[in-house]
Protein chains: 2
Amino acid sequence: MSAEPRLDALFQALADPTRRAILSQLALGPASVSDLAQPFDMALPSLMGHLRKLEDAGLIDTKKDGRVRTCAIVPEAFAPVRGWLDEQRALWEGRLDRLEDYVLQLMKERRDDSGS
Amino acid sequence: MSAEPRLDALFQALADPTRRAILSQLALGPASVSDLAQPFDMALPSLMGHLRKLEDAGLIDTKKDGRVRTCAIVPEAFAPVRGWLDEQRALWEGRLDRLEDYVLQLMKERRDDSGS
DNA sequence: CGAATAGTTAGTCAAATAACTAACCAACAT
DNA sequence: ATGTTGGTTAGTTATTTGACTAACTATTCG
């Protein structure tokens, strides 16, 4: 019934302020692990955990060069999230359209009725 | 540094397939708790927990009338999520713009260089 | 009234999160 | 070759999540 484990991981990854802050930083350009860690009052392994979650969700991509691991954002990864939101809005608007049709139908029937 | 506890609750609420399915159902129109529960193979209290989280996040609104609690979606509640995504994209695009400026600058300098 | 319906409360439990410290490895830099 | 920097692994702990059962309350129906 779920059929979208990717969305679970994406939304879950975004549900944390530290991880969102990391993404905002990376949106400005790639950065190393310790660059990313610097603004946070948090031990390195904790921050690594966040990076791992972001990478597992596909939101960032990391590559180790020498002893430095460089992290970069993957902008396309946000697409499924936007997609779900759009789909959701489409459902909602579809409902509004049907509601409108219904109301118009009611008005028409009342007109016909009083006209008989 | 977080400054957006609302986003935490929103993304967290969306990070579960059951809750997303509930929202998709509600996008089609209001429904009672047992209507919503029917498609799921889950005890009622568990489903109530999901409804509670959705309500706490502000994504749904519920009202009890007699012994029936009716749930309705709150479409505006998605706005902060969209907002954050848009902001994120803006940062990314700003970065691309600066990158483009930089590349154009480099090209200009190379032209001037070879021209000397 | 008495039974069925709709939801709620309370309490339990296993698994997942998110943080920490301590110890470790693999490049560089001197 | 040794120390320092940048990151990683392992293992611990407290909290939160998500699901369950059992028992309960509050309508509504016959």
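Lettering of chains follows the sequences in order, A, B, ..., and the numbering in each one begins at 1.
In this structure, the side chains of A:His50 and A:Thr18 come closer than 4.5 Å at one or more pairs of heavy atoms. Contact check for B:Thr70 versus B:Lys63: no side-chain heavy atoms found under the 4.5 Å cut-off. B:Leu7 is not listed as a side-chain neighbour of A:Leu14, based on a closest heavy-atom distance of 4.5 Å or more. Residues A:Gln88 and B:Ile73 meet the side-chain proximity criterion, which asks for heavy atoms closer than 4.5 Å.
Using a 4.0 Å cut-off between a side-chain N of Lys or Arg and a carboxylate O of Asp or Glu, B:Arg19 and A:Asp8 do not qualify as a salt bridge.
Ring planes of A:Trp84 and B:Phe78: tilted class, angle from 30 to 60°.
Nucleotide C:dA19 holds its C1' atom 12 Å from the CG atom of A:Asp41, rounded to whole Å. Atom pair A:Met42:CE and C:dT17:C1' shows a separation of 12 Å (rounding to whole Å applied). Rounded to whole Å, atom C1' of C:dA15 lies 14 Å from atom CG of B:Asp16. Atom pair B:His50:NE2 and C:dG7:C1' shows a separation of 17 Å (rounding to whole Å applied). Atom-to-atom, CZ of A:Arg69 to P of C:dC25 comes out at 18 Å; the value is rounded to the nearest Å. In this structure, CG of B:Asp8 is placed 13 Å from C1' of C:dT17, rounded to the nearest angstrom. Taking atom CE of B:Met48 as the reference point, atom C1' of C:dT9 lies 10 Å away to the nearest angstrom. Between A:Leu47 atom CG and C:dA18 atom C1' there is a gap of 12 Å when expressed in whole angstrom units.
Annotation: the span from B:Ile22 atom CD1 to B:Lys53 atom NZ amounts to 12.5 Å, rounded to 0.5 Å.
No donor-acceptor pair under 3.5 Å is formed between the side chain of B:Gln12 and the backbone N or O of A:Gln12.
Heavy-atom distances to DNA chain C give each of B:Ser34 and A:Ala15 a nearest nucleotide, and the one nearer the 5′ end belongs to B:Ser34.
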Just the atom pairs and distances: protein N or O near nucleotides 11-17 of chain D's N or O, under 3.5 Å.
{"from": "D:dT17", "atom 1": "OP1", "to": "B:Lys53", "atom 2": "NZ", "distance (Å)": "3.4"}

Quick one: which protein N/O atoms are closer than 3.5 Å to N/O atoms of nucleotides 21-29 of chain D? Pair and distance per line, please.
{"from": "D:dT27", "atom 1": "O2", "to": "B:Arg67", "atom 2": "NH1", "distance (Å)": "3.1"}

*Can you list the steps and then say if B:Leu54 with B:Thr62 is a side chain to side chain contact (heavy atoms under 4.5 Å, CB included)?*
CA-CA 10 Å; B:Leu54 288 170; B:Thr62 83; over 6 Å; no
